[in-house]
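Structure first, commentary second.
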Amino acid sequence: MRQSQSPDAPSMNQALVRATNQTRGTVLCARLENAGGRAGQNRGLLGREGLEPGTGMLFENGRFTPFMWMHMFFMRFAIDIVFLGRNNAVIKINRRLEPWRVSSVVFGARRALELPAGASDESSTQAGDLIVFDAVD
């Protein structure tokens, strides 16, 4: 039996994790890929044609960086970006962010999830919801 990670200290070193909206009892992302270090975070989803339903990418903020923002330069498709605070509570959602746009600047964000456009609506995710992470086999 797999145990859910606590919202305070999820283990993000696994190849894939599942992001579940604990508040709503829905799956936000079934297969979330970690963007990795600086090089991986700089590349992100660039070069991809799209995201399959249920997939996404996790970005983690530096320990002493007070905010996060994402850009859609050179992207080929729209995405949802869900920004999480220190306790994995949703701070802000940019829904259906189009290519060549810039996300909101989100102070206090520790993680950002890049998901297929509409994924946050499908899971009924709203600001204030608590997200938990589980390892995917």
Side-chain angles (χ1 to χ4, degrees):
M1 181 169 179
R2 190 178 323 149
Q3 284 199 352
S4 176
Q5 299 292 323
S6 77
D8 296 328
S11 176
M12 299 300 175
N13 295 327
Q14 288 91 7
L16 295 173
V17 294
R18 176 180 37 244
T20 303
N21 184 327
Q22 185 176 28
T23 305
R24 312 253 175 219
T26 58
V27 174
L28 179 58
C29 184
R31 294 178 319 278
L32 194 59
E33 173 186 346
N34 193 325
R38 179 63 61 197
Q41 290 190 20
N42 286 338
R43 179 169 163 77
L45 297 173
L46 289 175
R48 297 188 189 193
E49 296 294 324
L51 280 171
E52 294 294 321
T55 66
M57 187 169 279
L58 168 71
F59 294 81
E60 296 196 63
N61 201 359
R63 187 174 190 172
F64 300 107
T65 307
F67 60 87
M68 287 184 87
W69 67 280
M70 310 296 256
H71 70 79
M72 297 290 291
F73 304 140
F74 305 103
M75 291 285 290
R76 299 177 180 157
F77 53 96
I79 60 173
D80 286 358
I81 304 176
V82 179
F83 293 95
L84 306 177
R86 184 167 299 176
N87 60 355
N88 291 329
V90 176
I91 297 174
K92 175 86 174 168
I93 302 173
N94 285 176
R95 299 175 195 278
R96 301 179 192 281
L97 191 63
E98 296 288 333
W100 296 99
R101 303 285 189 261
V102 176
S103 77
S104 302
V105 174
V106 183
F107 285 89
R110 304 318 263 158
R111 295 184 175 97
L113 310 178
E114 291 187 347
L115 308 169
S120 57
D121 287 335
E122 291 170 12
S123 64
S124 302
T125 300
Q126 301 292 322
D129 288 356
L130 181 63
I131 307 301
V132 294
F133 298 92
D134 296 299
V136 174
D137 295 331

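Heavy atoms only: backbone and side chains are in, while hydrogens, waters and symmetry mates are out. Just so it is clear, the structure is predicted and the values come from calculations on it, not from any experiment.
Applying the side chain to side chain donor-acceptor pair (under 3.5 Å) test to T20 and every residue at least two apart in sequence or in another chain returns nothing. Applying the side chain to side chain donor-acceptor pair (under 3.5 Å) test to S103 and every residue at least two apart in sequence or in another chain returns nothing. For E98, the side chain to side chain contact (heavy atoms under 4.5 Å, CB included) test picks out A78, R101, with sequence neighbours left out. The side chain to side chain contact (heavy atoms under 4.5 Å, CB included) test applied to S124 returns R24, not counting sequence neighbours. Under the side chain to side chain contact (heavy atoms under 4.5 Å, CB included) criterion, A119 pairs with D80, L115, P116, sequence neighbours left out. With sequence neighbours excluded, the residues forming a side chain to side chain donor-acceptor pair (under 3.5 Å) with N94 are S104, listed by chain and number.
Looking at heavy atoms from C-beta onward, E114 lies in side-chain contact with F59 at the 4.5 angstrom threshold. Counting heavy atoms from C-beta on, the side chains of F67 and V106 never come closer than 4.5 Å. Within the 4.5 Å cutoff, no side-chain heavy atoms of M68 are placed close to those of V105.
In this structure, S123 and T26 approach most closely via the heavy-atom pair O-OG1, 2.7 Å. In plain terms, the two heavy atoms of C29 and G54 that are nearest each other are SG-O, 3.5 Å. Across all their heavy atoms, Q22 and V132 have their closest contact at OE1-CG1, 3.5 Å. Between L32 and M57, the shortest heavy-atom distance links the atoms CD1-N, 3.5 Å. In terms of heavy atoms, V82 sits closest to S120 at CG2-CB, 4.3 Å.
V27 and V136 are members of different hydrophobic clusters when ILVMFWY side chains are connected at heavy-atom separations under 4.5 Å.
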**Item:** Residues K92, F83; criterion side-chain contact (heavy atoms from CB on, under 4.5 Å); working and verdict
**Value:** CA-CA 5 Å; K92 175 86 174 168; F83 293 95; 4.2 Å; yes

**Item:** Check against side-chain contact (heavy atoms from CB on, under 4.5 Å), T125 and V90
**Value:** CA-CA 8 Å; T125 300; V90 176; 3.8 Å; yes

**Request:** Run the numbers on E60 and N34 for side-chain contact (heavy atoms from CB on, under 4.5 Å), then give the verdict.
**Result:** CA-CA 8 Å; E60 296 196 63; N34 193 325; 3.7 Å; yes

**Request:** Evaluate the criterion side-chain contact (heavy atoms from CB on, under 4.5 Å) for residue pair L28 and F133; output intermediate values, then yes/no.
**Result:** CA-CA 10 Å; L28 179 58; F133 298 92; over 6 Å; no

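To the nearest 0.5 Å, atom CD1 of residue I79 and atom CZ of residue R95 are 13.5 Å apart. Note: I91 CD1 to D129 CG = 12.5 Å, rounded to the nearest 0.5 Å. Separating the CE atom in M72 from the CZ atom in F77 is a distance of 6.5 Å, to the nearest 0.5 Å. In this structure, CG in L113 is found 12.5 Å from CD in E33, a value given to the nearest 0.5 Å.
Side chain of N61 to main chain of T65: a donor-acceptor pair is present (N/O by atom type, distance under 3.5 Å, no hydrogens or angles). Side-chain atoms of D121 never come within 3.5 Å of backbone atoms of G118 as a donor-acceptor pair (strictly under, hydrogens ignored).
Judged by distance alone, the side chains of T55 and R31 never bring a donor and an acceptor atom under 3.5 Å apart. If you check the side chains of N88 and R111, you find a donor sitting under 3.5 Å from an acceptor.
The aromatic rings of H71 and F73 sit parallel to each other, their planes meeting at less than 30°, with 60° as the upper class boundary.
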